[in-house]
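Read through the structure below, which is laid out as structure tokens, and then see the notes.
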Amino acid sequence: MNASLSRGDFVQFLREVHGYEPFPWQVRLLDHLAETGSWPKLLKLPTASGKTSVIDIAVFFLALEAGAGARRRAPVRMGFIVDRRLVVDDAYEHAKRLAEKLAQAQEGTVTARVAARLRDVSGGGESLVVQRLRGGLPREDDWARTPVQPTVVCSTVDQIGSRLLFRGYGVSDAMKPVHAGLLGVDCQLFLDEAHLAEPLRQTLSWIEAYQGDSWKPVDIEMPWGYTVMTATPQEEGGGAFDLADEDTHHPILGARWSAGKPVRLVEFKKARDASASNDAVASGSDAVDEEHRVQVLVQEFLHVAQMLRSQGVANPAVAVVVNRVGRARAVFEALRAVLDVDQWQTMLIIGPARPLDRDAWLTHALEPLRTQPRPEVRRLAAPVALVATQCVEVGIDIDLDAVVSDLAPIDALRQRFGRLNRAGRPTPCFGAVVAAPVDLSARTDDPVYGRALAEAWAYLKRHAQPGGRKEPPVIDFGLAAFHRLAQEDPVPAEAMSQTEDAPTLMPAHVDLLTATSPVPAADPDVSLYLHGPRRQPDAVSVVWRADVDPSAGDDATYSLLQLVLPRSAEAVELPVWAVRRWLSHDSAKEIELADIASRRSDEEAGIRRLERRAFRWTGDPDTSHWVNARQIRPGDTVIVPAQYGGLDPYGWNPDWNEAARDLGLEANLPFQAGYFAVRVAPGLIPAEEEGKLAALLAEYEVFPWRDARDALLELALDETLRDALGKLDEARSEVEVLYDVYGRDELGRPRGIVFQAPRGLRVSGQSRAAAPSTEDDAFGSLASLPVLLDEHCLRVSEAAARFGRLAGLPAGITQDLSLAGLLHDLGKADPRFQAFLAYGDPLGPNLEGPLLAKSGRRLPHQARWQAGLPYRWRHEALSVAVALRHPRFREAKDPALVLWLIGTHHGYGRPFFPHADPELRRATEATQSLLGASVAISPATGPQELSFDWEGEDWAGLYERLKARYGAWTIAYLESVLRLADHRVSEDERRVGGTEHALERIPT
């Protein structure tokens, strides 16, 4: 550890990374960590105080602790959790900027010393990896690459919470325990605006209790904890970290703290039918009231814009924030109808939008509105009209001149008006809260906010000042002003966002949740522990593809999706009920869709027809199928034909009937170093070009791939597709061409074509290309050249030991991890598996020669059964039986742990295996030379059989013993150490000719 570092370097570190000095509270917090080694349970910090900097503080703290070894107090992973999508994106951008500064640090700077110490933590890897989880999709590239890589994960309550509870939404069953282990051990979780996620906070407290010494006799000192961040905690307790006088008198933070924010309280009466449109009247009083609300919101927008201009703000930034996605779209359209759109920049921001669509314009559009570090007068090039849902009320770093809001609970309003003059600029600002009669009715029980709306309005009216002649009353939402008000008259709980208690996480529930292979039929609903019993999470990821068709069948669709994997960047996250209603042509209750978890809808009531189907994508051919609306479940990833519509330029719109744009190519471009494929097919090209396409494919089918590619460039293709076809010249290996993926037309001509570079492209400037996990035998047993079994086992043993030492695990545990790595693949010595690896060799398997761990050739589906392997046979079950006979097994410090790690090293057997193997029990005695010893391979009783017996316990009983000894999350973490060692070794073995990047995947 050559790079020295002290806590006094923190101020200079923030200067170098962000260009400004830290606020006083940030320095105090770093000092607290250095002195105590633990994070406060509550950071009671208001909006605009720079809470996202906890990421910088956590990273610097880890660098300080880098040389501590087993005494390290700083977790190596950090999870930043907010229950809003755009906040996740903002936190991600903040963390990504930090990672880039670390990677580019100049020698001699504090940042360079921090980066060097972080690389020591990772064992020579990257200083910091930053990942945002915007909806998990099966077989997507993993942030979970090593257990010792300093990592910041930015995500939502659903994504991190479900992973922590062994039920990661969109995560394959095999990888669920890896994600749970990495988030449940050696990780610090930050729950931002925790008053919005009280059920998750309660669940985290239960997990913390189960991580304690009273629940596990074997004490592995690995740091873990959670910190909640909010200015309005549900319950405070002791030890809260708060602002001090030096913060409120700071020249920058003080200006933000003391700035006044006058907000009008606008209450309107019930609409008369004559004032509404004929369509609204015909559809009923609810529609009339909704249209009237939209009109009032637009009027208030125009009022505050005029007020700003009258006081010298020529180009104001004005936002309207509403409680429903459908209402946001209606307000946006109404504003565009009355504004001069050639002069105003208009933006609609809703949560349910594809990240690629949103990022293409939103990042650039919001840049002028970003909060500047100093309270200076801002001059925009044009006025801005922004309409948004709750997705902007937390954490998004924009500074507005006026905010008009739907009535919401007090805590939500404080967050929304936290965007109002956020920097404390010496300029006028205005706000308005609009209340409708239905909001104030005693009979109203709002699906999102319950009965809090009327209580919030009563509190505001009680403290508002008269607004002048015929003007509504006004209340100051400034940070200091409202803080004083809340101290004098605390906001009643009934006026705050209605939170629910999570169910008690009982030990029996933990036992069920930690069973991941298979998931038990009596499976607890994890959304209850994340949002409470009556809230519906955004738990279904929807991807639009132009070349999928329900008539093609399950196998054809699965094979097609394997060629260009679905990615989270092209997905929209939605509640189950919204997807079901849309597929059933019923969007009548779309107005209920909000951008926070809202009350569970009657999902079945609106489902009338089931003719539109979606493809459930699990990454596994056995469980990926076309399903109807009723069959869609929370956590699903579904692929729908682009022709279904449902997306307009701004995001989710169930009434939009135009075909959605297929983003599969763009979503896969970041991963081209590992695998690359380009589709040219109907739906992906202009309709008028489809006939020319078929003719060209028929003509060039017998030509080399470059000739076919060049001929296709004569078509009217968009620039992205043309560029992708050109990139094929950079393929690392011969490009393969598939002509029959889309079938043939009545003339026998191919309907489409797929070019694939199975070993990826030569791409410069990419430091890493994540490979998926190797849980599938056909993929995990592939390398660029054959790999000998003994050599592979030795490599994994060394990698597991290295991870254990870097993580600071006890020497005995590290030794057992190394031993498990040494013995993990002995089941591959089975003659049938060796025949499987040799499939296609004209000389057949060389059973007399050295045993193989991996083949040098791609293995087709039929290779398994032709080699005689049972359906879903898992070699790791036989590895357990063989390990018991190997003399090296006697070296185990904890033999039960070593057996468990061997048996679960691909995620199966937790606690049951998916196969039976009666043939092996009837086989004759055979021995093999394995790791310098002659070991019997058959007959064998493995953990897949009920007759398996280890010291009086079967395999499931062994698991219960280990959970009691180590704890559920710690045993999952130890599994992840071995499994990720195996993944990284396998990735190296797939490298081609020593090239920098590993294969991402090989399609079958």
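- Side-chain atoms of Thr371 and Asp397 include a donor-acceptor pair closer than 3.5 Å.
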Anything under 3.5 Å between a donor and an acceptor, one on a side chain of residues 475-483, the other on a protein residue two or more places apart or in another chain? List them.
unit_1 : atom_1 : unit_2 : atom_2 : d
Asp476 : OD1    : Lys261 : N      : 2.8
Asp476 : OD1    : Gly478 : N      : 2.8
His483 : NE2    : Gln487 : NE2    : 3.3

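- Glu16 is linked by a side-chain hydrogen bond (donor to acceptor under 3.5 Å, both in side chains) to Gln12, Thr111, counting only residues two or more places apart in sequence or in another chain.
- Atom OH in Tyr449 sits 11.5 Å away from atom CD in Gln498 (nearest 0.5 Å).
- The closest side-chain heavy-atom distance from Met78 to Val59 is below 4.5 Å.
- Salt bridge status for Arg324 with Asp446: present, with a side-chain N to carboxylate O gap under 4.0 Å.
- Relative orientation of the Phe80 and Phe190 rings is tilted, given thresholds of 30° and 60° on the angle between their planes.
- Remark: Pro316 pairs with Leu308, Arg309, Val313, Val318, Trp344, Pro383, Asp401 by the side chain to side chain contact (heavy atoms under 4.5 Å, CB included) rule, at least two apart or across chains.
- By the 30° and 60° cut-offs, the orientation of the rings of Phe10 relative to Phe13 is tilted.
- Checked against side-chain hydrogen bond (donor to acceptor under 3.5 Å, both in side chains), Asp357 has the following partners two or more places apart in sequence or in another chain: Arg354.
- The pair Asp439-Arg293 meets the salt-bridge criterion, with a side-chain N (NZ, NE, NH1 or NH2) lying under 4.0 Å from an Asp/Glu carboxylate O.
- With sequence neighbours excluded, no residue forms a salt bridge (Lys or Arg N to Asp or Glu O under 4.0 Å) with Arg256.
- Atom CZ of Arg462 is surrounded by more than 12 heavy atoms from other residues, nucleotides or ligands within 6.0 Å.
- A search for ring pair (Phe, Tyr, Trp, His ring centres under 6.0 Å) contacts involving Tyr226 returns nothing, not counting sequence neighbours.
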Side-chain polar contacts of residues 427-436 - donor-acceptor pairs under 3.5 angstrom, sequence neighbours left out - could you list them?
unit_1 : atom_1 : unit_2 : atom_2 : d
Thr427 : OG1    : Arg425 : NH1    : 3.2

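- Side chains of His531 and Asp158: a donor on one and an acceptor on the other come within 3.5 Å.
- The side-chain hydrogen bond (donor to acceptor under 3.5 Å, both in side chains) check on Arg97 picks up nothing, with sequence neighbours excluded.
- Side chains of Val11 and Val27 form a contact here, defined as non-hydrogen atoms less than 4.5 Å apart.
- For the salt bridge (Lys or Arg N to Asp or Glu O under 4.0 Å) test, no residue two or more places apart in sequence or in another chain qualifies with Glu333.
- Residues Leu43 and Lys51 fail the side-chain proximity criterion, which asks for heavy atoms closer than 4.5 Å.
- Every salt bridge (Lys or Arg N to Asp or Glu O under 4.0 Å) that Arg264 has, sequence neighbours left out, goes to Glu300, Glu471.
- Legend: residues meeting salt bridge (Lys or Arg N to Asp or Glu O under 4.0 Å) with Glu21, ordered by chain and number and at least two apart, are Arg15.
- The side-chain hydrogen bond (donor to acceptor under 3.5 Å, both in side chains) search around Ser49 returns none, not counting sequence neighbours.
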